[in-house]
Protein chains: 2
Amino acid sequence: MQDVAARAGVSTATVSRVINGSDYVSEATRLKVLRACAELDYSLNPIAQSLRLGRTKTIAAILSFLTLPSIVERLRGVQAAMAESDCDLLTLSVGTPEARDAILEKYSQRARTDGVLIISMPVNDNHVKRFLNSGVPLVLIDAQHPELNRVNVDDETGGKMAAEHLIGLGHRKIGFISSYLKNPFQFSSTLARYKGYCEALESADIPVLRRYQREGEHGREYARDMALDLLSQPDPPTAIFASSDTKAIGVLDAAKELKIRVPEELSVIGYDNIRDAEYMNLTTIHQPLFDSGLEAGRKLLNMVHAPSSSPVEIILPLKLLKRGTTAPPGG
Amino acid sequence: MQDVAARAGVSTATVSRVINGSDYVSEATRLKVLRACAELDYSLNPIAQSLRLGRTKTIAAILSFLTLPSIVERLRGVQAAMAESDCDLLTLSVGTPEARDAILEKYSQRARTDGVLIISMPVNDNHVKRFLNSGVPLVLIDAQHPELNRVNVDDETGGKMAAEHLIGLGHRKIGFISSYLKNPFQFSSTLARYKGYCEALESADIPVLRRYQREGEHGREYARDMALDLLSQPDPPTAIFASSDTKAIGVLDAAKELKIRVPEELSVIGYDNIRDAEYMNLTTIHQPLFDSGLEAGRKLLNMVHAPSSSPVEIILPLKLLKRGTTAPPGG
DNA sequence: TTGAAAGCGCTAACAC
DNA sequence: GTGTTAGCGCTTTCAA
């Protein structure tokens with residue numbers, strides 16, 4: 001910047017003014033400075049600027065695994081929001097609760113980022129306190145906390161919608177397959193979907209049977225194994241609600257293996273509407289994954305520029321997508 | 001830091017020394033400082049440190065779309081490499097050639113990142129010159145340039161392997177489906193695979209027929225449409241080599257629609273071995289996507305710490321994965 | 001073994 | 001309109 005100033009025959013202050021388009025600068029000097037910048041191929045040092053301004057122009061997205069299609073899809077929404085601004089996106093993938101704690105501690109520092117987005121990962125009061133103290137804006141996606149801004153869907157209603165769809169078709173033996181209801185990361189959304197499922201059954205006077213439920217690791221193969229187990233018992237369910245599309249696809253695998261026809265002999269409904277769900281012609285609860293990232297990103301950007309008032313929860317709408325894997329029982 | 005120094009009754013220089021674990025500091029003052037840090041919940045301002053040191057501890061990954069499973073998988077490898085270091089990962093997704101140029105210009109600045117990774121995106125001499133001038137370490141993944149470090153597979157050999165597999169099974173009418181051989185981003189890998197395909201055919205004295213080839217947008221549906229077109233002509237191919245698994249899955253869709261049995265009436269081979277390929281039981285050319293990110297990330301980290309010598313190309317091995325979608329023609 | 005002080009590159013108050 | 005200057009928070013000579 002010194003060099004540019006010298007070459008243009010002005011002070012660094014003036015160069016700064018020109019570059020930032022601020023203040024009253026005479027057209028003549030403006031051009032001189034611009035020319036000097038071009039000739040020296042100069043551009044601002046963003047680090048120095050950050051130090052001076054106390055703004056990093058960086059947003060951090062903290063998420064558990066880049067392997068989950070739903071998380072990637074949300075992240076894409078976040079990217080889109082960032083593309084609308086001048087902020088860069090730091091992607092932090094944490095595999096263990098310990099790593100999560102370390103990362104959350106690190107990124108609750110004011111100097112590190114302008115704001116943080118937490119995707120599909122529950123936070124505890126300690127984490128929240130750190131952020132509230134440091135004043136780093138934080139938005140949760142697919143997670144709950146009363147003191148924070150968050151964008152979610154109503155998973156309990158979603159679970160209910162799924163189960164009610166099956167009940168409406170005439171099913172009474174309705175299985176439920178999910179990841180662990182109590183896991184180290186405590187995905188609260190799974191639990192909420194389970195509650196909705198129970199509620200729907202109870203409302204229809206259908207007993208909620210443990211033997212129609214399985215929980216386990218996340219993933220298509222695990223879901224397949226659970227479904228195999230579930231369907232091999234005497235008097236098996238005639239319909240299965242899987243708490244994610246990935247799991248629902250695993251259920252379809254199991255049905256294929258057991259030569260059980262879908263939807264004639266078994267109805268399957270998923271949750272999320274990931275890209276593959278359409279191709280598999282899977283009935284599912286669509287949740288706006290991309291939009292959740294987009295909305296959260298925009299909200300966060302707002303907070304960065306204008307510190308927010310009281311925390312709000314943005315609830316995005318769910319939609320039942322009736323496709324080819326559900327039908328009345330017995331064909 | 002002032003506060004910590006005051007509280008510990010030392011100078012900021014000493015605090016700095018303690019935190020960085022450097023130099024000779026007496027155990028007594030070390031403990032005093034550490035205690036003061038803990039009491040004040042203090043930690044270094046990374047921005048100030050960056051300004052002083054000229055290192056940002058940030059690596060930028062520049063890629064085209066987060067929608068391609070292959071790119072996400074490579075990115076995961078990069079993440080893994082970063083997790084081994086103290087660097088953060090900036091993920092820059094660029095949708096258009098203009099955005100790419102802007103981003104590449106921006107991130108060839110020394111002050112912005114310690115290094116840059118470009119994933120599945122060709123670079124031209126102008127881009128390269130900028131990086132070479134600024135001295136920002138750069139590693140290419142799935143892209144070519146003689147003056148840069150890069151990690152690749154031998155796509156020409158890969159294309160050849162795929163075609164030879166089909167020829168070996170007895171096929172003579174072998175279709176080829178790909179994204180545009182000349183596209184705005186000029187994915188050179190597609191072209192290389194095509195060359196390998198041609199080579200294999202020529203070696204086997206099979207004429208390379210334009211009418212057995214289709215190119216178009218990337219994506220499962222586009223591939224399906226191309227396959228529909230390809231298979232609807234008189235004397236259609238008995239086997240199709242799709243330049244990516246996503247496209248191969250689109251070909252399977254088309255076959256299903258046309259009630260053409262795979263592999264009995266049509267053999268299909270893909271490329272990449274993305275996660276879905278296994279579930280679809282797709283014969284494919286496995287390329288180490290995750291590892292490409294990991295290796296490139298490590299290489300880049302090395303370069304950051306020790307400026308590299310002459311550029312090298314790391315070639316990762318390809319592997320034919322024979323699964324259920326290929327068989328001799330006519331059943 | 002520790003402290004004083006310069007300076008990384010920028011911006012914003014204040015002077016002119 | 002433009003220049004001077006202080007200072008963002010850190011590290012690192014150099015001196016003690």
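Side chains are part of it too, since the values below use all heavy atoms of this structure and drop only hydrogens, waters and symmetry mates. In this text the structure is predicted, and so the values were computed from the model without any measurement.
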Using heavy atoms to find the nearest nucleotide of DNA chain C for B:V25 and B:L51 separately, return the residue whose nucleotide is more 5′.
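In this pair, the answer is B:V25.
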Side chain proximity check, A:D142 to A:L140, heavy atoms < 4.5 angstrom:
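Not in contact.
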Value in whole Å for how far the [atom2] atom of [N] lies from [atom1] of [X]:
X      : N      : atom1 : atom2 : result
A:N45  : C:dC8  : CG    : P     : 11 Å
A:R55  : C:dC10 : CZ    : P     : 17 Å
B:Q49  : D:dC8  : CD    : P     : 18 Å
B:R110 : C:dG9  : CZ    : P     : 12 Å
A:Y24  : D:dG3  : OH    : P     : 18 Å
A:N20  : C:dC10 : CG    : P     : 10 Å
B:M1   : D:dT12 : CE    : P     : 11 Å
A:L53  : C:dG9  : CG    : P     : 17 Å

Quick one: is A:S50 getting a side-chain N or O under 4.0 Å of the D:dC8 phosphate, OP1 or OP2?
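For A:S50, the contact criterion (side-chain N or O under 4.0 Å from OP1 or OP2 of D:dC8) is not met.
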Would you indicate what A:I47 reaches in the nucleic acid, counting non-hydrogen atoms under 4.0 angstrom: base, sugar-phosphate, or nothing?
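No contact.
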Touch class at under 4.0 angstrom, heavy-atom based, for B:T29 against every strand present:
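Result for B:T29 = sugar-phosphate.
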Show the atom names and distances, to 0.1 Å, of all donor-acceptor pairs under 3.5 Å that link a side chain in residues 295-304 of chain B to residues at least two apart or in another chain.
residue: B:R298; atom: NE; partner: B:E84; partner atom: OE1; Å: 3.2
residue: B:R298; atom: NH2; partner: B:E84; partner atom: OE2; Å: 2.8

How about [X] and [Y]: does a side-chain donor come under 3.5 Å of a side-chain acceptor?
X      : Y     : answer
A:T113 : A:T56 : no
B:Q109 : A:S43 : yes
B:T58  : B:D88 : no

What nucleotide, of C:dC10, D:dT2, C:dG3, holds the atom closest to the side chain of B:T14?
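Of all the options, the side chain of B:T14 is nearest to C:dG3.
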State which of C:dC10, D:dG3, D:dT2 makes the closest approach to the side chain of A:A13.
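Of the options given, the side chain of A:A13 lies nearest D:dG3.
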Can you find a donor-acceptor pair, distance only, under 3.5 Å between A:R17 side chain and D:dG3 base?
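Under the 3.5 Å cut-off, the side chain and the base do form a donor-acceptor pair.
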